[in-house]
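This one's a predicted model, so the numbers in the text were calculated from it and none came from an experiment. Because only heavy atoms are used, hydrogens play no part in the values below, and waters and symmetry mates are left out as well, while side chains stay in.
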Amino acid sequence: MSTEHGADNKRRRGIQASPAKLRKALADAGLKSQNAVAEKIADLESLDSPPRGLVNRVWRGEAVDPQSLERVARALGVPGWTLYRSSDEPPDRVPAPPPPKPPPGARRSSRVPIWATLVLLITIVGWWWLSQRGAVPASPATPVASARLGVVLLPIAAPKGEEISSALGAAINQHWRLLPQPDEGVGKSLDPQELLLLGGIDRVIEARVLDSGRWRGLVLLLHQRGAMREVWGGVWRRSMAPQNLSRLWTGATAALMAPTAAEALQSRAAVERFLSARLNLDSVNTELNNRRALTDFDSALRLAPEFIEARAGLCEALVLDNVRTGDATRLTEAARECDAALQADDKDLEARRALAYLDRRRGRLSEALGGFTAVLAETPDNVDALLGLAEVNLTRHSRGEDPQAFDAAVAAARRAAQIEPAFWKVPFTLARILYGGEQLDAAIAAAEDSVRLDPNVLALSNLGSFQFCKGNLVDARAAYERARQADPATFVGEAQLGVVMYFQREFAQAARLFKTALDLQARGGKPEVHRLWGNYADALRWSRDTAGAEQAYARAIALAQRDATSGDGNPLHAIYLAYFREMLAATLPQRWNSQRVGEADLRQLQAAQDPLAQLHLAAVYRQRGNVALAAKITASASVGCPGFLKSPDL
């Protein structure tokens, strides 16, 4: 009798299975009855007889030890924890057995006389009064540190797992009592439910790391006795030190302490969609990659509407789509997503960085500069913010707005290279900055690093352009050929090969390549670019196709006018506009002389720092007969790009 009673008490301290989960697992396993489960266990464990009693106890919802429930789970082909009764499932109510009826004739003898009851009551009250004399009144119960819940954080099996555990554990310990992990001999398997049976452990937290490209995801599972729930998911760049992500861990602990799973920030599925989106966003900006990023960010937000990083990522992806297509409505959509992210949390760093990225594209350089700087003040190892800051300063340098902008751009890009040397966009950006500062050899070296990390069409195109700028047309042509092979559907390879042919005076071949590039651009749904139309017009002009050149220049002028008054507000568009009008007037002076840009406007454009734009400006002055000024501008612009001196227009 006493043995059976002790066994029941032990079972009550175990784990209860969920009847609903058992029924589903039974149906999924294709088994017909509990008896079939018992026989399956006997087969798996080579037992002489099926453990029907064990299976019956599990099915009745009785508390059993974790190993017993695991035996049933193996027979059903599911992990044991998936059968645990959730904390929100009410326990089965088993009616208590009625008290035994007294034997006949025993009613009267079982009554206690009233006087005996009174004597007993007086004795108890008197004893209580005497025991309280001299006692100190108890103060109301107040929570103390030692009364906080005891929590174990399981080891994190991932690169930098100890750093993540340390940072997350420090945040948890501010609210709960973080306990050391049990010794190997106490809990060899570190099974969460077994740990909860050891005593003194109220919660077990399990962290699962998801890695994808440059980003990491972390999903937290909270184990209580007989229950487990997913409570939080977070994301960050792999290059960022976990100790610097205080806001991330604050959100994690808030979710851990929330009373229900409904308050979880985001699910594992949402985190996985985010990581997939970022992987595509960090790749070359093609139509396919960008569409996948947009789709995955949108999917993550459907799974977790409060996933601010996903909304910020959607804002950034929409800006990139505007860069690729020129569709102005994409910037409007991006602004809506960035605003929504900041309304949810105006201190979220990803939302603030995405807004700075949007501001840079909208030409709001002061706002973008302030935004990237503020984000870096809190997270100095944020590589995307460093690249954004570098791009802003590069634009400010090309506009001649700040003499220190070039050095600031280089410093930001080099700092990014120290943090993430394997990310292809870092040397890609650095190469563009160095080229803008007329450091051509260094730009070529950086471009070669970018191609080595990811030989995509943009990286190869940039390398070819810098080699072309150096005057090495053979290597430039080889890089452009590789760019065409990397993405045959894009117009970039064809267009740049056309430039090589143009400089080699093969104008008819150059015109054919430019026309092919324009057709590929149109078929791909990409926005028209005034420089490509201008190149096509130049090749037709030298081929003596006056009618074709007039039409091409007219189209280039229309596009340059559009870009000069909208988009990023880059003043370089105005230089190309002046060049197109000048060359068209030279081709058909009687019809286009009146459209030439005035001398005062041309003088204002001389402050531009971009070498290619300066050379186009020099070509304008040469066409007007001002050879001395053209030579001066050419000498200045060609210091960093001597290959441009081979241009037929100079």
Side-chain angles (χ1 to χ4, degrees), residues 214-215 235-248 250 278 281-282 308-309 311-320 322-323 331 334-335 337-421 423 425-434 436-437 568-571 609:
R214 302 173 54 236
W215 285 75
V235 292
W236 73 99
R237 291 169 187 79
R238 297 182 67 172
S239 60
M240 297 176 72
Q243 294 84 349
N244 297 338
L245 303 172
S246 58
R247 285 177 57 81
L248 188 74
T250 298
R278 283 299 332 183
L281 207 61
D282 291 336
I308 297 177
E309 291 89 346
R311 197 165 295 282
L314 183 57
C315 173
E316 184 177 351
L318 287 164
V319 174
L320 272 173
N322 166 263
V323 172
L331 294 183
E337 298 299 336
C338 270
D339 289 345
L342 288 167
Q343 286 174 5
D345 184 355
D346 62 358
K347 292 182 172 57
D348 184 82
L349 296 176
E350 279 305 295
R352 290 158 63 189
R353 185 191 64 80
L355 178 62
Y357 185 71
L358 171 62
D359 283 336
R360 180 174 71 86
R361 180 60 180 167
R362 292 189 292 194
R364 302 176 183 178
L365 295 189
S366 296
E367 291 88 340
L369 185 66
F372 287 128
T373 302
V375 170
L376 288 166
E378 294 192 45
T379 52
D381 49 359
N382 188 320
V383 166
D384 292 285
L386 283 167
L387 293 181
L389 182 65
E391 291 281 6
V392 169
N393 279 310
L394 175 59
T395 303
R396 295 172 68 230
H397 166 70
S398 69
R399 294 183 179 185
E401 295 180 0
D402 182 355
Q404 306 300 320
F406 174 75
D407 290 338
V410 172
R414 291 202 184 281
R415 172 61 182 150
Q418 292 174 348
I419 299 170
E420 285 194 48
F423 183 29
K425 284 187 179 180
V426 173
F428 177 84
T429 301
L430 178 59
R432 294 177 56 248
I433 295 169
L434 293 170
D568 58 7
N570 194 328
Q609 300 297 311

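In this structure the side chain of Val375 reaches within 4.5 angstrom of the side chain of Thr379, judged on heavy atoms. Side chains of Arg362 and Asp359 form a contact here, defined as non-hydrogen atoms less than 4.5 Å apart. In this structure, Glu401 and Thr395 have side chains that are not in contact, with every pair of non-hydrogen atoms separated by 4.5 Å or more. Contact check for Trp215 versus Asp282: side-chain heavy atoms found under the 4.5 Å cut-off. Taking the side chain as every heavy atom from C-beta outward, Arg238 and Arg214 never approach each other to under 4.5 Å. In this structure, Glu316 and Arg278 have side chains that are in contact, with non-hydrogen atoms separated by less than 4.5 Å.
Of all heavy-atom pairs spanning Ala413 and Val426, the tightest one is O-CG1, 3.8 Å. Summarising the geometry of Pro380 relative to Leu386, their closest heavy-atom pair is O-CD1, 4.0 Å, with the distance given to 0.1 Å. Listed here is the closest heavy atom pair of Ala405 and His397: CB-N, 3.8 Å. When all heavy atoms are compared, the tightest approach of Ala312 to Glu350 is CB-O, 3.5 Å. Minimum interatomic distance between Ala351 and Ala341 (heavy atoms only, all atoms of both residues): CB-CB, 3.7 Å. Heavy-atom minimum distance, Tyr357 versus Val319: CE2-CG1, 3.4 Å.
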### Task
Just do the side chain to side chain contact (heavy atoms under 4.5 Å, CB included) check on Leu358 and Arg364 with the steps written out, would you?
CA-CA 9 Å; Leu358 171 62; Arg364 302 176 183 178; over 6 Å; no
#### Entry: CA sep, side-chain torsions, deciding dist, call: Leu318, Leu314, side chain to side chain contact (heavy atoms under 4.5 Å, CB included)
CA-CA 6 Å; Leu318 287 164; Leu314 183 57; 4.2 Å; yes
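A distance-only check finds no donor-acceptor pair linking the side chain of Asp381 to the backbone of Ile419 [under 3.5 Å].
Remark: Glu378 CD to Lys347 NZ distance equals 9.0 Å, nearest 0.5 Å. With rounding to the nearest 0.5 Å, the separation of CZ in Arg361 from CG in Leu331 is 6.5 Å. Distance check: Asp345 CG to Arg352 CZ gives 9.5 Å after rounding to the nearest 0.5 Å. We find the CG-OG1 distance between Leu389 and Thr429 to be 12.0 Å, quoted to the nearest 0.5 Å. To the nearest 0.5 angstrom, Leu369 atom CG is 5.0 Å from Arg396 atom CZ. Once rounded to the nearest 0.5 Å, the distance linking CD of Glu367 with CG of Leu355 reads 9.0 Å.
Listed by chain and number, the residues in a side-chain contact (heavy atoms from CB on, under 4.5 Å) with Leu394 are Glu391, Arg432, Ile433 (sequence neighbours excluded).
Side chains of Asn382 and Arg353: a donor-acceptor N/O pair is absent below 3.5 angstrom, by distance only.
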